[in-house]
Amino acid sequence: MKRIFYTAVLSIFVLAMSSCVDAPAPFGVVPTKDQVEWQKNEYTMFVHFGPNTFTGVEWGSGQEKAEIFNPTALDCGQWASVAKAAGMKGIILTAKHHDGFCLWPNPVSSHTVAQSAWKDGKGDVLKELSEACREYDLGFGIYISPWDRNDPHYGTDEYNDVFVQTLEHALGSYGHVFEQWFDRACGEGPNGRKQVYDWPLFNSTVHKMQPDAVIFSDYGPGCRWVGNESGKAGRTCWSTINVNEDFTGPKQSRKDLNEGIKGGNTWAAAETDVSIRPGWFWKESENSKVKSLQHLLKIYYESVGRNSLLLLNVPADTRGLIHEVDSLRLMELRAALDEIFAKDLTEGAKVEADNVRGDSRRFKAQNLLDKDYDKYWAADDDVTKTSFVVKLPEARTFNRVQLQEYIPLGQRVSAFSIDALDEDGSWHPIARETTIGYKRIVHVPATTTTAVRVNIEESEACPVLNGFALFMDNIYESFEMSNVPSGEVKPASESLITDMGEVTPIRGFVYAPKVNGEGGVIVDYQVEVSDDGKSWTPISSVLTFDNIVNNPISQEKIFSSYIETRFLKLIPHRVMDTTSNAAEESETYGVSVFGCVQ
Ligand code: FUL
């Protein structure tokens, strides 16, 4: 009896001791609760929709007539049901793109759905989408471009107030907004002037109207652009960056956006925005160019699997629906992800760590397998190099290792490696990586083993991890990596000339940039024609290929009327290197060509 009494007292004492151990202090800058919840979404939908859907361009001039916006069967319920079935957690709509056209009626602008032919000017896309998102339990987000090629105030101080009123109206009329998407593009307006944006005012307006909304931009404050539009976060990816107090500052380098900055002064996790099609807006001609399942899986691994959120653009078509080709591909992706991640192969495993914070049960290594987000393994404060071993109940085969840091306490790990146990009892390395963050999915060779060891080799403070899992992906591995055509390299700084052989009526031309090669991509250009290849006549002023730096896809340019010529010359005026923006294996890979659309 006495023994039982002493054991009980001892157990209570041990329990009390272990619960006395404090949780690690937050390290560096940490995310707000809203930022943590935002990142837990992992995968959301972008919808580009507006006049460009009807004109087939990527950047509208702002001079488009409002009547051209006339979807024949708009159904935001269909967008929401597709997003839900795809496993996405929210939808962000281009409520106002650079052309200035607003998808909701508002007193601030006279270039809106109210002036369009759609529903006799009585329609409101934001209203329909916000209701559909509520019905399907999805977050509702808004993209509003400050660059406005239509508003007559653009380029004057007054415009900043106009823009604030636009924001107040959109953010105040449709209920909860989970993300405000700010494209910081700043081009010329209708009067040829550029705007000096008042970012502190814009950000404070969003916070006033929607206190929980996470604000996206190159500088945060909520989350940051990943630095490219090809769907690729850095293999090293910190959630912190350096910005000025008012969330402005010198232009962020694409590398810093892509990889973040260790020890940066602001928490702004990377958001990977990429389109399921080559362009952001729907075009009939791109129905056959929807990204393959293999490509989308690669994007998933290189965004969600690299401590980033995936914002996948699925544009609505001229009917106002998500096209069946896109929705089918999304369902294929969902089915593949479900199959890959259906079975966590750590089931029944036991985890032991070299170091457990204060030897406390609260921070035990077994927490790594507990699916409760707030249960984590932590080491003692002075330990920044340590390891844990996951012992499987029997030999199992996997090729993906998933790790998660408990980000409410900051991002800490800067180097780690993974070993597998051999039959002879020795360990052999299967991966060596840098950062983890909210979620890291490491590709390893298919490995059959009874135990896996994770070595935290470098950490900015004691490691705090809340997740470890093993998966087998037979789907992605079964795809043969596509062959990348090599092609002949022509420096793009030279003019590109096409000879039709004889004088021919042509309607326009296509420029397909070589995205990963020498010579760069033509951004600004001029077109000249000639019948003999000797004397040339300019047929255009200096023009720009829309958004080609961020998204180097083929561009089709149609003339206002047929031109009869034998030779056509594209003269580059500004050429840029887009290598860092392009995917490693891009579907748009190829030598620059200059053809004619007859
Ligand atoms: C870019 C824009 O210029 C594109 O048109 C698109 O909206 C993309 C998401 O952001 O900066």
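Reckoned from all heavy atoms, side chains included, excluding hydrogens, waters and symmetry mates. Each ligand, and each atom within it, is numbered from 1 in the order the structure gives.
Taking every non-hydrogen atom of Glu229 and a distance limit under 4.0 Å, the qualifying atoms of ligand 1 come out as 1 (C), 8 (C), 10 (O), 11 (O). For ligand 1, the atoms sitting less than 4.0 Å from at least one non-hydrogen atom of Asp273 are 9 (C), numbered in the order shown with element in parentheses. Taking every non-hydrogen atom of Tyr143 and a distance limit under 4.0 Å, the qualifying atoms of ligand 1 come out as 7 (O). Near His98, meaning under 4.0 Å from any of its heavy atoms, are these atoms of ligand 1: 2 (C), 3 (O). Each of the following atoms of ligand 1 lies closer than 4.0 Å to a heavy atom of Phe46: 9 (C).
A side-chain donor from one of His98 and Ser145 sits under 3.5 Å from a side-chain acceptor of the other. Side chain to side chain, Trp225 and Asp273 meet the donor-acceptor criterion of an N or O pair below 3.5 Å. A side-chain N or O of Gln195 and one of Asn160 form a donor-acceptor pair less than 3.5 Å apart. The closest side-chain donor-acceptor pair between Asn106 and Thr112, if any, does not fall under 3.5 angstrom. With no hydrogens or angles considered, no side-chain donor-acceptor pair links Gln411 and Trp238 at under 3.5 Å.
Residue nearest to atom 2 (C) of ligand 1, selected from Asp183, Asp546, Asp99, Asp218: Asp183 (by heavy-atom distance).
Neither the backbone nor the side chain of Asn551 has any atom closer than 4.0 Å to an atom of ligand 1 (non-hydrogen atoms only).
Side-chain atoms of Arg306 and Lys232, non-hydrogen and from C-beta on, do get closer than 4.5 Å to each other. Counting only heavy atoms from C-beta outward, the side chains of Trp280 and Glu229 approach each other to under 4.5 Å.
Here the protein heavy atom with the shortest distance to atom 4 (C) of ligand 1 is Asn547 ND2, 3.5 Å. At the shortest separation from atom 5 (O) of ligand 1 among protein heavy atoms lies His97 NE2, 2.9 Å.
For the pair Trp59 and ligand 1, the shortest N or O to N or O distance falls below 3.5 Å. Between Trp280 and ligand 1, not a single N/O pair is under 3.5 Å apart.
Between His97 and His48, the angle of the ring planes goes over 60°, which puts this pair in the perpendicular group of the 30/60° scheme.
Using a 4.0 Å heavy-atom cutoff, His48 is listed among the residues neighbouring ligand 1. Within the 4.0 Å heavy-atom cutoff, Phe281 does not count among the residues contacting ligand 1.
Ion pairing between Arg277 and Glu58 fails under the 4.0 Å rule for side-chain N and carboxylate O.
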